[in-house]
Amino acid sequence: MAPIISLVAHCGVLILVFMLWRSDHLQAPPINVIEVQLVAPRPAATPVTPMDEPVPNAEPRMSPEDMAAASTATPAPPPSPDSAPATPTAAATPMEPAAPAMLEATEFYASDLLRRPENAQVRETLPLLAPDERIVQLCNIEALEQIRIANAGRFPDSLDTSAFEETEISNGKLSAPLGAYRAARKWFYVTFECTPGPDLESVVEFTFDLGDEVPRELWEEHELIPEDFDDD
């Protein structure tokens, strides 16, 4: 009986040794490699709290805390008159262009010029003219001299007081709203007012404004010539 048990034991040892030897030679199964790409995780969806089906034109529900706060809140005071929006004012009416700044003469020259011997014929002719024409001639003499003195180096040799607007005589005062004078074969705008003395032989008041050069394309229309021509 003993030899049989011994034989069975030896057989069991041999089987165990054989199994251990096979386990050292087992090969692991091949591993499949998978390419991995990093992807930014999507934001977690915000859980939506189930709500009752909305009712058209229904006012939003208030919590008990909101209702308590609303009941104790102080109502806003009505707007004061000072805070009321200002009533828009009407747009300002465009103003007329300002009149030119007139120079006021402090010295007058017409009477002295008429006393010169070379002006004897003019001096003798003036009393023969009608009063208004006499005022025009006397004021023209004064204007030419005032322009000459105001424009150093520019000698005016002709004057047309009504080149662009008619002159007016009122209460013995001549107004020339827009005339022209000639100097160095060019024409320039001029505006003046002239008041002769009671004897119509001198000037007691004279104001004037000298303007820019008159464009040449306006000369023919207003009968402004570059120079005088003597008749043969």
Side-chain angles (χ1 to χ4, degrees), residues 93-232:
T93 304
M95 298 179 63
E96 295 294 332
M102 304 283 278
L103 300 176
E104 184 174 355
T106 57
E107 297 184 22
F108 310 102
Y109 308 100
S111 59
D112 290 341
L113 290 173
L114 288 173
R115 293 192 189 99
R116 294 180 180 180
E118 62 269 25
N119 295 325
Q121 184 178 359
V122 177
R123 182 175 64 251
E124 295 171 357
T125 304
L126 279 178
L128 305 179
L129 302 176
D132 284 356
E133 182 61 25
R134 189 172 178 177
I135 291 175
V136 170
Q137 297 302 327
L138 185 65
C139 287
N140 284 356
I141 295 171
E142 184 70 34
L144 285 170
E145 187 65 8
Q146 294 285 355
I147 294 170
R148 184 187 70 80
I149 294 174
N151 281 298
R154 182 183 295 174
F155 183 81
D157 58 16
S158 183
L159 176 67
D160 186 346
T161 57
S162 57
F164 296 93
E165 292 187 28
E166 292 296 327
T167 57
E168 180 182 353
I169 298 176
S170 177
N171 298 324
K173 179 179 181 178
L174 183 144
S175 298
L178 193 59
Y181 71 93
R182 186 180 65 193
R185 298 171 59 87
K186 297 179 181 179
W187 288 91
F188 302 85
Y189 295 106
V190 63
T191 298
F192 68 87
E193 293 181 352
C194 172
T195 303
D199 56 2
L200 298 184
E201 294 181 358
S202 63
V203 172
V204 296
E205 185 178 351
F206 190 87
T207 56
F208 64 105
D209 176 69
L210 304 181
D212 298 330
E213 182 178 347
V214 178
R216 184 173 291 269
E217 55 267 22
L218 299 180
W219 288 12
E220 182 177 357
E221 178 184 354
H222 296 276
E223 301 180 357
L224 303 176
I225 58 177
E227 59 184 341
D228 296 327
F229 299 95
D230 296 331
D231 295 334
D232 295 336

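Residue numbers count from 1 along this sequence.
- Side chains of Pro127 and Arg134 form a contact here, defined as non-hydrogen atoms less than 4.5 Å apart.
- Taking 4.5 Å as the limit, some side-chain heavy atom of Asn140 sits within range of a side-chain heavy atom of Thr161.
- Listed by first and then second residue, the disulfide bond (SG atoms under 2.5 Å apart) pairs that reach into residues 134-222 are Cys139-Cys194, sequence neighbours excluded.
- Between atom OG of residue Ser111 and atom CZ of residue Arg123 there is a gap of 11.5 Å, rounded to the nearest 0.5 Å.
- Heavy-atom minimum distance, Pro226 versus Arg182: O-CD, 3.3 Å.
- The two atoms that bring Ala143 and Leu159 nearest to each other are CB-CD2, 3.8 Å, heavy atoms only.
- For the pair Lys173 and Thr195, the tightest heavy-atom approach, listed with the atom from each and the gap, is CG-OG1, 3.4 Å.
- What you find for Pro196 and Ile135 is that their closest heavy atoms are CG-CG2, 3.8 Å.
- When side chains are defined from C-beta on, Phe188 counts as touching Arg154, because their heavy atoms get closer than 4.5 Å.
- For the atom pair Glu201 CD and Arg115 CZ, the distance stands at 8.5 Å (nearest 0.5 Å).
- Partners of Pro198 according to the side chain to side chain contact (heavy atoms under 4.5 Å, CB included) rule, which considers only residues two or more places apart in sequence or in another chain, do not exist here.
- Using a 4.5 Å heavy-atom threshold, the side chains of Leu210 and Tyr181 count as touching.
- A pairwise comparison of heavy atoms in Val203 and Ala110 identifies CG2-CB, 4.2 Å as the closest pair.
- In this structure, CG in Leu224 is found 15.0 Å from NZ in Lys186, a value given to the nearest 0.5 Å.
- Here the side chain of Thr207 pairs no donor or acceptor atom with the backbone of Leu103 at under 3.5 angstrom.
- In this structure, CG in Asn151 is found 11.5 Å from CD in Gln146, a value given to the nearest 0.5 Å.
- Atom CG of Leu114 and atom CD of Glu124 lie 11.0 Å apart (nearest 0.5 Å).
- The closest donor-acceptor contact from the side chain of Glu168 to the backbone of Ser175 lies at 3.5 Å or more, if one exists at all.
- At a threshold of 4.5 Å between non-hydrogen side-chain atoms, the residues Leu129 and Val136 do not count as touching.
- The shortest side-chain heavy-atom distance between Leu126 and Gln137 falls under the 4.5 Å cut-off.
- Contacts of Phe108 classified as ring-ring contact (aromatic ring centres under 6.0 Å, His included), with partners at least two apart in sequence or in another chain: none.
- Taking a 6.0 Å sphere around CD of Glu217, one finds it holds more than 12 heavy atoms contributed by other residues, nucleotides or ligands.
- For Trp187 (side chain) and Ile225 (main-chain N/O), a donor-acceptor pair under 3.5 Å exists by modelled atom type.
- The CG atom of Leu113 sits 8.5 Å away from the CD atom of Glu118 when rounded to the nearest 0.5 Å.
- Aromatic ring orientation, Tyr189 versus Phe164: tilted (interplanar angle from 30° to 60°).
- No side-chain N or O of Arg148 forms a donor-acceptor pair with one of Tyr109 less than 3.5 Å apart.
- With a 6.0 Å radius and a threshold of 12 heavy atoms from other residues, nucleotides or ligands, Asp212 has its CG atom at or below the threshold.
- No side-chain heavy atom of Ile141 sits less than 4.5 Å from a side-chain heavy atom of Asn119.
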